[in-house]
Amino acid sequence: QKEVEQNSGPLSVPEGAIASLNCTYSDRGSQSFFWYRQYSGKSPELIMFIYSNGDKEDGRFTAQLNKASQYVSLLIRDSQPSDSATYLCAVVRDSSASKIIFGSGTRLSIRP
Amino acid sequence: DAGVIQSPRHEVTEMGQEVTLRCKPISGHNSLFWYRQTMMRGLELLIYFNNNVPIDDSGMPEDRFSAKMPNASFSTLKIQPSEPRDSAVYFCASSFIAGAFTDTQYFGPGTRLTVL
């Protein structure tokens, strides 16, 4: 079992709809969770981070964390073609605060 | 701030040659990470440093890979001898870590390595 798992996609969503990206993790002691966006040929860039159970909203983006179920999700409202990218989920394990584990990423495609 | 700086941006070399990748982290950050990304394996952590000291190099694929951080503003990743399977994009990232608090990792633009 991978430490951080994501569906590789591609996930195709019509423009203007809500895109939902999911991620599960295996280490129950994990404390910090990050979503990165990576455009083709570019480096990953941080979109959001979340530490506490519940929802965290930032503009069109909402991160949701459920530690009991060990999943974290990212919702993108009013999807735009510019949101088409690969989204990487990343988790910092409690046992090693400085080691971040990345999922393999979900490729999102927003169709006009 | 200029962000994380990596050089070269592209490197093409022949099998058996030595390759050195360079990274300058963001000023004030105390942790530096080297990653490798391929289509098959995704983003893999190779090694990370905290306060210039290597903390975890379990991701380094084999003895052909070595990394150094002689000071807080510079790190190198060396591959000797290089092999075609080393072809990948190599990212350097930096962050600030204090105790159990981990700040965001900021990635450099990457070095695209092709070994012929």
Side-chain angles (χ1 to χ4, degrees), chain A residues 1-10 21 23-25 27 29-52 56 58 61 63 65 72 74 85-108, chain B residues 2-7 9-10 21 23 25-26 29-60 69 88-112:
Chain A
Q1 180 188 10
K2 291 184 179 179
E3 293 194 58
V4 180
E5 296 211 50
Q6 297 180 254
N7 187 317
S8 62
L21 305 164
C23 170
T24 59
Y25 58 94
D27 188 334
S30 298
Q31 296 294 322
S32 307
F33 307 87
F34 303 83
W35 281 101
Y36 283 80
R37 176 177 62 198
Q38 186 175 23
Y39 292 114
S40 180
K42 301 296 185 182
S43 57
E45 56 179 336
L46 181 73
I47 298 176
M48 292 193 70
F49 61 87
I50 186 168
Y51 301 136
S52 304
K56 180 181 179 182
D58 184 0
F61 299 95
L65 175 61
V72 58
L74 179 70
T86 296
Y87 290 79
L88 301 168
C89 171
V91 174
V92 174
R93 299 186 309 204
D94 181 54
S95 59
S96 174
S98 49
K99 186 167 183 176
I100 187 168
I101 307 296
F102 282 85
S104 57
T106 297
R107 189 155 55 94
L108 174 66
Chain B
V4 177
I5 299 173
Q6 290 187 248
S7 64
R9 295 292 305 277
H10 302 274
L21 310 181
C23 176
I26 292 173
H29 283 184
N30 62 359
S31 294
L32 183 141
F33 305 77
W34 281 102
Y35 292 90
R36 176 173 69 178
Q37 187 174 41
T38 61
M39 288 291 292
M40 291 296 294
R41 301 173 68 91
L43 193 63
E44 303 174 278
L45 177 65
L46 301 178
I47 185 171
Y48 75 89
F49 296 83
N50 184 251
N51 294 321
N52 311 337
V53 176
I55 303 300
D56 186 344
D57 64 355
S58 59
M60 297 285 263
M69 192 165 186
V89 179
Y90 290 80
F91 288 107
C92 176
S94 71
S95 70
F96 180 78
I97 295 170
F101 170 75
T102 300
D103 199 358
T104 306
Q105 288 194 11
Y106 295 88
F107 283 76
T111 295
R112 182 173 296 277

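Numbered from 1 within each chain, the chains take letters A, B, ... in sequence-line order.
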| request: Pick one of side chain, backbone, both or neither for Thr38(B), based on which atoms fall under 4.5 Å of a heavy atom in chain A. | output: neither
| Where do Gly108(B) and Ser43(A) come nearest, in terms of heavy atoms and distance? | O-CB, 3.0 Å
| query | What residues form a ring-ring contact (aromatic ring centres under 6.0 Å, His included) with Phe102(A), not counting sequence neighbours? | reply | Tyr36(A), Tyr35(B), Phe107(B)
| task | List the atom of Gln38(A), the atom of Phe91(B), and the distance in Å for their closest heavy-atom pair. | result | NE2-CZ, 3.7 Å
| Gap separating the OG atom of Ser104(A) from the CE atom of Met39(B), nearest 0.5 angstrom | 11.0 Å
| For Glu45(A), is it the side chain, the backbone, both or neither that has a heavy atom under 4.5 Å from a heavy atom of chain B? | neither
| query | Hey, what do you get for CD (Gln37(B)) to OG1 (Thr86(A)), rounding to the nearest 0.5 Å? | reply | 8.0 Å
| query | If you round to the nearest 0.5 Å, how far is CD1 of Ile101(A) from CG of Leu45(B)? | reply | 6.5 Å
| field | Heavy atoms from other residues, nucleotides or ligands near CZ of Phe49(A) exceed 12 (cutoff 6.0 Å) | value | no
| said: Strictly by salt bridge (charged side-chain N to carboxylate O under 4.0 Å, His left out), give each pair with a member in residues 29-43 of chain B just once, sequence neighbours left out. | reply: Arg36(B)-Glu44(B), Arg41(B)-Glu44(B)
